[in-house]
K.L.:
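This structure is in structure tokens; I'll ask about it shortly.
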There are 2 protein chains.
Amino acid sequence: MTEATRRERLRADTERDIRATARALLVGQGRDSVTLRAIARELGITAPALYRYYDSREALLRAVCEDICADLDAELTPAIRDVPSDDPLGRVFAVCRAFRRWALAHPQEFELVFASPEEESVGLGRTEPGRTEPGRAEPGRAERGRRPAQDRFGSVFIHVIGHVLVAPEAFVPTSEDVPAELHDDLVTYRQRLLESLAEVGVTVPAELLQLDGVYFILKWWVRLYGHIALEVFDRFPFPLRDAEPLFERMLTELAVESGFPNPAANDG
Amino acid sequence: MTEATRRERLRADTERDIRATARALLVGQGRDSVTLRAIARELGITAPALYRYYDSREALLRAVCEDICADLDAELTPAIRDVPSDDPLGRVFAVCRAFRRWALAHPQEFELVFASPEEESVGLGRTEPGRTEPGRAEPGRAERGRRPAQDRFGSVFIHVIGHVLVAPEAFVPTSEDVPAELHDDLVTYRQRLLESLAEVGVTVPAELLQLDGVYFILKWWVRLYGHIALEVFDRFPFPLRDAEPLFERMLTELAVESGFPNPAANDG
DNA sequence: CAACTGTGTGAACACCGTTCACCCCGACCC
DNA sequence: GGGTCGGGGTGAACGGTGTTCACACAGTTG
């Protein structure tokens, strides 16, 4: 780590400062307000200097996305650790509640990460018609550049689920029959789950995570995301005074469907 | 209707042209590309002329939002009518599938309407510190201006659900117990549902729509929205080759929970 | 006819992302 | 030491943006 040059350290510092400033602007005044000139102004430099660090505003926003995901990860993980590992359902509840709380407290960041269609070179890459080859032209950046936000968030979700799965008894039920058309995708996802967990040092026996379980997780991610996004964007079909009871009831249903007949947790 | 002045008709025409052009730009090149100057260019006028019709770009976008909702309504309603009224479950399936198809075909419009935090006077109203009174200063515009997008969409949802509810036998189950904290909100929503249905000429006996049913609808809106938003934004925790089986399975579960043990519809 | 009102214009302001030529200073090599 | 080189920063500039304002013109209204 300390092998880095002085220059490299300085560069990394300002790079971090830039993203932090951008994020402060995002949180404070919304996505449209995170402006290259505003960032530069805040840092006491000029806007073109930022191009020494990021290729474009869009690239900067992508980097901010990754920072947000890292922070979300860092916030959800301890929320799990606070619950004893012999209470897997409690851990699931904890991470779901923490995710909701985070989303409500950081709506702008939630929107940027979880509700933007696509991030790949919006209207810029086509200005040079010569480079039509889809092959890996720039190995350094483009290699892992496909769907960075999704990958980054995928890892958050994987971490979270992984920490729950290491409970002494797996909580995911195995009574569902998965749709045949989803089989291949689910197998791929289970592979990624196990690999990603192994990276963090968590080894899960493969037979613990059956395909039914993966399907179960996927289905519940839909409900979790649906509720939180609706609440953040205030898009319930009618103004809901307080959506928390609805959320807690959803968790109760999750508990029931998981095979826990009498959930102990009632409110957060 | 024909009582309108020639001037008024002309004005309404260009007003419609403006929104149509804005929407074409939105569909073709994304939200950021719907620019006052681009709209004006397309219409052969100059940008400031648009201010004779809309107070700001944000106001124009709001109007576009309402147009989108109206179109969505116009697209979902016939999707229901095509299914015989003695097949309420089939109608629900039809409208859910139509909504998903519409969202996937119009991602930009879906994002604008269903995934934007708030629309109320973003950073403009505070420039004049003198008008700090929150009272109804401008009766004409501000009167029904609160949460126009939500209201507008709420009506879409209400219409859709309403047409399903007029089936000879109500399909919504009544076996659920609703959370006590949600009681008041659900009562309010049921009221709005019935009122809005009455406006369209559909009279539903009040006892047909019990509070359990409203709660049931709300819960399923969460799942429907969650799946569609995830698919449109491509934010499943892992790349899903084809999300349609997952969607169809969700509909099957809806059928089961509605009390239809053996759903006849299998794929769209 | 005159007055007024609605509609459109062109110039202007402040801001934006991005590019370019330039400059300066620290790091490196000889 | 001196020389080179390159990364980081600058200011000017280009084209674009939302928005405001004074002005002009047509159509309606008195």
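In this text, all values refer to a predicted model and were calculated from it rather than measured experimentally. Below, read A as the first sequence line, B as the second, and so on, with proteins coming before strands; counting in each chain starts at 1.
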K.L.:
Measure CG/A:L50 against C1'/C:dT19 and give the value in whole Å, please.
P.N.:
14 Å
K.L.:
Between B:R81 and B:E75, is there a salt bridge with N-O shorter than 4.0 Å?
P.N.:
no
K.L.:
What is the distance from CG of B:D55 to C1' of D:dC21, rounded to the nearest Å?
P.N.:
16 Å
K.L.:
Let me check something: any side-chain donor-acceptor pairs from residues 14-26 of chain A under 3.5 Å, sequence neighbours excluded? List them with distances.
P.N.:
unit_1 : atom_1 : unit_2 : atom_2 : d
A:T14  : OG1    : A:L10  : O      : 3.3
A:T14  : OG1    : A:R11  : O      : 3.0
A:T14  : OG1    : A:Y53  : OH     : 3.0
A:R16  : NH2    : A:D13  : OD1    : 3.0
A:R19  : NE     : A:D67  : OD1    : 3.3
A:R19  : NE     : A:D67  : OD2    : 2.7
A:R19  : NH1    : A:Y54  : OH     : 3.4
A:T21  : OG1    : A:D17  : O      : 2.8
A:R23  : NE     : A:E109 : OE2    : 2.7
A:R23  : NH1    : A:D71  : OD2    : 3.0
A:R23  : NH2    : A:D71  : OD2    : 3.2
A:R23  : NH2    : A:E109 : OE2    : 2.9

K.L.:
Take nucleotides 5-14 of chain C nucleotide by nucleotide from the 5' end and write B, S or -, depending on whether a protein heavy atom sits under 4.0 Å from the base, only from the sugar-phosphate, or from neither.
P.N.:
BSBBBBBB--
K.L.:
Please name all residues satisfying side chain to side chain donor-acceptor pair (under 3.5 Å) with A:T77, sequence neighbours left out, ordered by chain then number.
P.N.:
A:D73
K.L.:
To the nearest angstrom, how far is A:R31 atom CZ from C:dG17 atom C1'?
P.N.:
14 Å
K.L.:
Is the A:F233 to B:Y225 ring centre distance short of 6.0 Å?
P.N.:
no
K.L.:
Starting at CD1 of A:I18 and ending at C1' of D:dG9, how long is that distance when rounded to a whole Å?
P.N.:
12 Å
K.L.:
Starting at atom CD1 of A:I39, determine the distance to atom P of C:dC16, rounded to an integer number of angstrom.
P.N.:
10 Å
K.L.:
Check whether any side-chain nitrogen or oxygen of B:R41 sits under 4.0 Å from OP1 or OP2 of D:dT17, and answer yes or no.
P.N.:
yes
K.L.:
Is a side-chain donor or acceptor of A:T35 paired with a backbone partner of A:A38 at a separation under 3.5 angstrom?
P.N.:
no
K.L.:
Roughly, in whole Å, what's the span from CG in A:L36 to P in D:dT17?
P.N.:
17 Å
K.L.:
Regarding A:R100 and A:E231, does a basic nitrogen lie under 4.0 Å from an acidic carboxylate oxygen?
P.N.:
yes
K.L.:
Tell me: CZ of B:R57 to C1' of D:dG16, nearest whole Å?
P.N.:
13 Å
K.L.:
If I take atom CG in residue A:L60 and atom C1' in nucleotide C:dT18, what distance separates them, rounded to the nearest angstrom?
P.N.:
14 Å
